[in-house]
Amino acid sequence: MLEADRISYAYAGAPAVREASFRAGERGELIAVIGPNGSGKSTLLKMLARVVSPSSGEVRFEGKPLQEWHAREYARRVGYLPQDPDPVFPMRAIDVVVSGRAPFLARFQWERDSDYDEAERALAMCDGSHLADRYLDEMSGGERKRVFLARVLAASPSLILLDEPLAALDIAHIQQFALLLRDVATSTGATVIFAAHDVNWAAAYSDRMLVMDHGALALDAPPSLVMRADAMQRFFGLDAAVIEAGGRTWIVPRTES
């Protein structure tokens with residue numbers, strides 16, 4: 001479905017991503033992109049979402065280079081949620097979610113009943129039906145994230161790109177949202193690629209992890225090969241212990257002096 005072939009991008013001459021290559025497209029696959037601050041995670045997602053174009057290399061979706069896709073057609077198939085999707089303003093959740101149906105509307109066409117049906121379905125998938133008539137500025141950060149994810153899901157995309165969806169959440173909501181991403185991938189069959197700083201929760205439910213290091217894609221592997229003490233030392237400079245609990249592997253920083 002998606003293929004990145006040696007893609008690179010630089011900001012004012014400073015390399016952000018360097019010749020990254022990978023493929024994604026397994027139905028229901030959940031892929032976490034991790035790495036230290038400034039390692040290129042967000043820039044990689046922006047190239048996949050067509051927010052920026054690679055300075056070299058090529059991204060292909062369904063066998064066709066991204067630049068050959070019409071913007072509306074690409075938006076019908078690929079959903080993207082940036083780190084800070086929108087300012088908080090007094091708008092009802094259901095109206096935010098139904099705006100995700102815009103790629104399916106003609107110019108100047110109002111949303112139809114069927115579009116609101118899709119919006120309600122997407123909110124329910126995110127366990128957010130009770131939020132439909134509430135306003136964004138009356139919600140917690142975790143509730144707003146559910147609304148914005150539902151806006152992406154309202155278009156029923158086959159590829160979902162999420163930049164730091166677990167950021168700024170307390171630990172209970174991180175767990176809930178990480179599990180929600182797993183459920184979305186499984187129930188919709190979409191490929192979900194998300195960037196995350198929390199290595200433990202990124203690994204907990206993902207099928208595969210892409211590790212960015214100084215702009216390079218340094219490792220593309222299942223969580224079992226990433227959640228290792230040597231990998232944490234190599235990529236994060238972290239002296240860590242590895243423990244097994246609840247059927248998963250967790251990284252715990254060493255605290256002894």
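Note: hydrogens, waters and symmetry copies are ignored here, and every other heavy atom, side chains too, is used. Here the structure is a predicted model, which is why all the values come from computation and not from measurement.
Among pairs with a residue in residues 32-52, none fulfils ring pair (Phe, Tyr, Trp, His ring centres under 6.0 Å), at least two apart in sequence or across chains.
For the pair Gln176 and Arg146, the minimum side-chain heavy-atom distance is below 4.5 Å. Proximity of Leu181 to Leu30: side-chain heavy atoms (C-beta onward) are separated by under 4.5 Å at one or more points. A 4.5 Å side-chain heavy-atom check between Arg77 and Leu159 finds every atom pair outside the cut-off. Between Leu210 and Lys41 the shortest side-chain heavy-atom distance does not fall below 4.5 Å. Residues Val199 and Phe236 are in side-chain contact: their nearest non-hydrogen atoms beyond the backbone lie under 4.5 Å apart. Inter-residue side-chain proximity for Leu44 and Ile193 is flagged as unmet; no heavy-atom pair is nearer than 4.5 Å. A 4.5 Å side-chain heavy-atom check between Asp115 and Arg112 finds at least one atom pair inside the cut-off. Residues Ile251 and Leu238 form a side-chain contact, since some pair of their non-hydrogen atoms from C-beta on lies under 4.5 Å apart.
Taking every heavy atom of both residues into account, Pro223 and Asp207 meet most closely at CD-O, 3.5 Å. Between Ala154 and Ala119 the shortest heavy-atom distance is CB-CA, 4.5 Å. Between Phe177 and Pro165, the shortest heavy-atom distance links the atoms CE2-CB, 3.7 Å. Scanning all heavy atoms of the two residues, the minimum distance from Asp163 to Ala195 falls at OD1-CB, 3.6 Å. The two residues Arg50 and Leu66 make their nearest non-hydrogen contact at NH1-O, 2.7 Å. Of all non-hydrogen atoms in Val226 and Ala231, the two that sit nearest each other are O-CB, 3.3 Å.
Arg72 contributes a side-chain N or O that, together with a main-chain N or O of Leu105, makes up a donor-acceptor pair within less than 3.5 Å. A donor-acceptor pair is defined here as one N or O able to donate and one able to accept, closer than 3.5 Å; no such pair exists between the side chain of Ser8 and the backbone of Ser55. The main-chain N or O of Tyr116 is never found under 3.5 Å from a side-chain atom of Arg101 such that the two would form a donor-acceptor pair. Remark: the backbone N or O of Asp183 is not paired with any side-chain donor or acceptor of Thr186 at under 3.5 angstrom. Of the possible polar contacts, one joining the Ser39 side chain to the Pro36 backbone as a donor-acceptor pair under 3.5 Å is found. Listed for the Glu68 side chain is no donor-acceptor partner under 3.5 Å among the backbone atoms of Pro65. No donor-acceptor distance shorter than 3.5 angstrom exists from the side chain of Asp213 to the backbone of Ala216, with no hydrogens or angles considered.
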* To do: Begin with the C-alpha distance, continue with both residues' side-chain angles, and end with the deciding distance and a verdict on side chain to side chain contact (heavy atoms under 4.5 Å, CB included) for Met125 and Thr188.
  => CA-CA 10 Å; Met125 190 181 303; Thr188 67; 3.6 Å; yes

* Under the side chain to side chain contact (heavy atoms under 4.5 Å, CB included) rule, what do Asn37 and His197 come out as? Steps first, then yes or no, please. => CA-CA 8 Å; Asn37 290 339; His197 275 112; 2.5 Å; yes

* Please assess Arg248 against Met227 for the test side chain to side chain contact (heavy atoms under 4.5 Å, CB included), listing each intermediate value before the final yes or no. => CA-CA 10 Å; Arg248 294 181 174 84; Met227 302 295 280; over 6 Å; no

* Step by step, would you call Ser156 with Arg121 a side chain to side chain contact (heavy atoms under 4.5 Å, CB included)? -> CA-CA 10 Å; Ser156 299; Arg121 174 195 61 81; 3.2 Å; yes

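A chain of hydrophobic side-chain contacts below 4.5 Å, direct or via other Ile, Leu, Val, Met, Phe, Trp or Tyr residues, connects Leu81 to Ile94. No continuous path of ILVMFWY side-chain contacts below 4.5 Å connects Val152 to Ile31, so the two sit in separate hydrophobic clusters. No chain of hydrophobic side-chain contacts below 4.5 Å, direct or via other Ile, Leu, Val, Met, Phe, Trp or Tyr residues, connects Leu162 to Val51. Under the 4.5 Å side-chain contact rule for hydrophobic residues, Val97 and Ile160 share a cluster. Placement of Leu225 and Met209 in two distinct hydrophobic clusters is found when ILVMFWY residues are connected by side-chain heavy-atom separations under 4.5 Å, directly or transitively.
A distance of 9.5 Å separates CD in Glu164 from CG in Asp198, rounded to the nearest 0.5 Å. The CG atom of Asn200 lies 6.0 Å from the CH2 atom of Trp250; values are rounded to the nearest 0.5 Å. The CG atom of Leu217 sits 6.0 Å away from atom CE of Met212, with the distance rounded to the nearest 0.5 Å. The structure places CD of Glu143 at 10.5 Å from CG of Asp127, a figure rounded to the nearest 0.5 Å. Rounding to the nearest 0.5 angstrom, the gap separating the CD atom in Glu3 from the CD atom in Glu58 is 8.5 Å. Note: Leu179 CG to Arg182 CZ = 9.5 Å, rounded to the nearest 0.5 Å.
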Would you be so kind as to tabulate the donor-acceptor pairs closer than 3.5 Å made by side chains of residues 13-22, with sequence neighbours excluded?
| residue | atom | partner | partner atom | Å |
| --- | --- | --- | --- | --- |
| Arg18 | NE | His214 | O | 3.0 |
| Arg18 | NH2 | His214 | O | 2.9 |
| Glu19 | OE1 | Arg6 | NH2 | 3.2 |
| Glu19 | OE2 | Arg6 | NH2 | 3.1 |
| Ser21 | OG | Arg6 | N | 2.6 |

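Using cut-offs of 30° and 60° for the angle between ring planes, the Phe61 and Trp69 rings count as tilted. In this structure, Tyr9 and Tyr11 have perpendicular ring planes: the angle between them is above 60°, well past the 30° mark.
Within 6.0 Å of atom CZ in Phe104, more than 12 heavy atoms from other residues, nucleotides or ligands are found, so the atom counts as buried in its surroundings. Applying the 6.0 Å contact sphere to CD of Glu26 captures no more than 12 heavy atoms from other residues, nucleotides or ligands. Counting heavy atoms of neighbouring residues, nucleotides and ligands inside a 6.0 Å radius, atom CG of Asp230 exceeds 12 of them.
Each of Arg92, Arg144, Met139 was checked for a side-chain contact (heavy atoms from CB on, under 4.5 Å) with Leu131, and the lone residue meeting it is Met139.
Note on Asp5 versus Arg23: no salt bridge recorded, every NZ/NE/NH1/NH2 to OD/OE distance being 4.0 Å or above.
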